[in-house]
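Labels below follow one simple rule: chain letters A, B, ... track the order of the sequence lines, proteins then strands, and each chain is numbered from 1.
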There are 2 protein chains.
Amino acid sequence: MKHIISALVQNEPGVLAHISTLFAGRGFNIDSLAVGETEDTAVSRMTVVVEGDEQVLEQVVKQLRKVISVLKVQDFSGRDYVERDLMLIKINAPSGRRGEIIELVTLFRGRVVDVSASELMVELSGPEKKLEAFIALVRPFGIKELCRTGRVALARGPR
Amino acid sequence: MKHIISALVQNEPGVLAHISTLFAGRGFNIDSLAVGETEDTAVSRMTVVVEGDEQVLEQVVKQLRKVISVLKVQDFSGRDYVERDLMLIKINAPSGRRGEIIELVTLFRGRVVDVSASELMVELSGPEKKLEAFIALVRPFGIKELCRTGRVALARGPR
């Protein structure tokens with residue numbers, strides 16, 4: 001089962017190294033990781049998606065909570081939350097086939113952000129499954145480059 | 001000056017710990033970091049935004065290139081690229097003021113993804129400056145929670 005762990009951490013050098021070493025030490029591979037700013041410039045939010053043994057993960061979360069620069073840890077499993085991932089994808093698009101791709105982009109509420117003679121660059125955000133469905137549909141055209149932010153999540157309803 | 005470094009890495013435990021230790025060892029604070037999947041499931045793309053001394057950064061990039069699990073490193077400085085960041089933001093929104101916030105969301109081409117009696121959750125993506133302009137405009141309403149993926153980037157035009 002995949003877990004989305006969200007941690008508020010002090011924005012200072014070494015915190016990320018410390019945390020990623022904690023996960024690696026337990027043999028966890030990180031599916032995705034996003035570290036970005038929050039409303040407070042001194043604090044960053046780290047969202048980690050990992051898959052692995054529940055009990056071992058519970059221990060990692062306990063260890064995380066003990067790290068001084070970690071202010072708060074949440075595991076979204078079993079909670080009601082909104083998750084989003086963002087992707088930039090460069091698709092092979094000779095002029096004759098551009099229309100087909102643009103149709104898919106519109107259906108998925110994406111945006112074309114760059115056009116060249118032979119390629120389109122598209123921005124698309126949404127839950128993981130939506131991104132994966134789009135990737136599967138454009139794969140036959142040829143994917144030139146693809147870049148994803150990894151997931152971020154916030155719990156629904158008042159805190 | 002801020003640098004956006006993009007690295008293709010093998011998707012295996014320990015790579016992230018290795019790389020973040022490299023940056024921390026040189027005293028670099030990471031502004032944002034996004035690690036997500038690519039078109040190849042064995043490979044992840046890591047996008048790091050760092051600010052610091054150019055020469056020291058050049059050395060870090062050289063060291064990065066020597067790491068076996070690192071397949072490719074690009075520094076986007078001085079290149080033509082598209083960058084995107086995604087944010088989920090929960091804003092204080094009593095029913096009487098909801099309309100004002102929704103107006104801003106529409107202007108910024110964002111999406112309302114959750115509504116409760118007293119709050120709105122909004123998804124917004126774009127370049128860093130757009131996100132920051134939106135945050136500044138909704139701050140007076142009261143920001144309850146905010147989560148950003150950190151930036152990802154792809155070079156414009158054919159590879």
Side-chain angles (χ1 to χ4, degrees), chain A residues 6 11-25 27-39 44-45 47 82 84-90 109 111 113-114 116-119 121 123 125 135 139 143-159, chain B residues 6 11-25 27-39 44-45 47 82 84-90 109 111 113-114 116-119 121 123 125 135 139 143-159:
Chain A
S6 169
N11 187 9
E12 55 194 27
V15 180
L16 179 63
H18 191 149
I19 293 178
S20 45
T21 306
L22 267 185
F23 279 98
F28 273 106
N29 191 19
I30 291 177
D31 256 39
S32 83
L33 173 82
V35 189
E37 297 156 61
T38 64
E39 62 276 29
S44 296
R45 186 190 290 266
T47 313
V82 176
R84 288 292 181 271
D85 192 340
L86 178 130
M87 156 169 88
L88 286 174
I89 181 170
K90 220 185 256 184
R109 299 212 286 158
R111 289 166 197 160
V113 290
D114 193 44
S116 71
S118 57
E119 293 172 0
M121 198 199 295
E123 170 195 353
S125 64
I135 295 170
R139 199 179 284 283
I143 296 171
K144 295 292 189 175
E145 274 183 284
L146 194 168
C147 187
R148 283 169 69 168
T149 57
R151 285 188 261 178
V152 290
L154 281 185
R156 282 185 194 274
R159 197 156 17 171
Chain B
S6 169
N11 187 9
E12 54 194 27
V15 180
L16 178 63
H18 192 150
I19 294 178
S20 46
T21 305
L22 268 183
F23 279 98
F28 274 106
N29 191 18
I30 291 177
D31 256 39
S32 83
L33 172 84
V35 189
E37 296 157 61
T38 64
E39 61 277 27
S44 296
R45 188 190 288 266
T47 313
V82 176
R84 286 293 181 273
D85 192 341
L86 178 130
M87 156 169 88
L88 286 174
I89 181 170
K90 218 185 259 185
R109 300 213 285 160
R111 289 165 196 160
V113 290
D114 194 43
S116 71
S118 57
E119 291 171 1
M121 197 198 296
E123 170 194 354
S125 64
I135 293 171
R139 200 180 283 283
I143 297 171
K144 294 292 190 175
E145 274 185 285
L146 194 168
C147 185
R148 283 169 68 168
T149 56
R151 285 188 260 178
V152 288
L154 281 185
R156 281 184 193 275
R159 196 155 19 169

Which atoms of [X] approach chain B - backbone, side chain, both or neither, heavy atom under 4.5 Å:
X	answer
A:A153	backbone
A:I89	backbone
A:L154	both

#### Entry: Carboxylate-amine/guanidinium contact A:E145 B:R45, below 4.0 Å
yes
### Query
Among A:D31, A:L16, A:V15, A:L22, which has the most heavy-atom pairs under 4.5 Å with chain B?
A:L16
### Message
Heavy-atom pairs under 4.5 Å with chain B: which of A:G150, A:A17, A:A24 has the most?
### Response
A:A17
### Query
Taking all non-hydrogen atoms of both residues, which atom of B:I30 and which atom of A:N11 are closest, and how far apart?
O-OD1, 4.1 Å
### Summary
Shortest non-hydrogen pair, A:V152 vs B:L88, comes out as O-CD1, 4.0 Å
Gap separating the [atom1] atom of [X] from the [atom2] atom of [Y], nearest 0.5 angstrom:
X	Y	atom1	atom2	result
A:I143	B:T38	CD1	OG1	9.5 Å
A:T149	B:L33	OG1	CG	11.0 Å
B:R139	A:E39	CZ	CD	7.5 Å
A:M87	B:E37	CE	CD	11.0 Å
B:R109	A:R109	CZ	CZ	11.5 Å
A:S20	B:H18	OG	NE2	11.5 Å

### Non-hydrogen side-chain atoms of A:V82 and B:M121 separated by less than 4.5 Å
yes
#### Entry: Side chains of B:R84 and A:V113 in contact at under 4.5 Å (non-hydrogen atoms)
yes
### Message
Looking at A:D114 and B:G157, would you say the former's side chain and the latter's main chain have a donor-acceptor pair under 3.5 Å?
### Response
yes
### Query
What residues, two or more places apart in sequence or in another chain, satisfy salt bridge (Lys or Arg N to Asp or Glu O under 4.0 Å) together with B:R151?
B:E83, B:E128
### Message
Which one wins on heavy-atom pair count under 4.5 Å against chain A: B:A34, B:S44, B:G36, B:P13?
### Response
B:P13
### Task
Please flag which part of B:I135 lies under 4.5 Å from any non-hydrogen atom of chain A: side chain, backbone, both or neither.
neither
### Query
What part of B:S116 lies closer than 4.5 angstrom to a heavy atom of chain A: side chain, backbone, both or neither?
side chain
### Query
Checking side chain to side chain contact (heavy atoms under 4.5 Å, CB included) for the pair A:T47/B:C147: CA distance, chi angles, key distance, verdict?
CA-CA 9 Å; A:T47 313; B:C147 185; 4.0 Å; yes
### Task
Start with the C-alpha gap between A:E123 and B:S125, add the side-chain angles, then the distance that decides, and say whether side-chain hydrogen bond (donor to acceptor under 3.5 Å, both in side chains) holds.
CA-CA 9 Å; A:E123 170 195 353; B:S125 64; 2.5 Å; yes
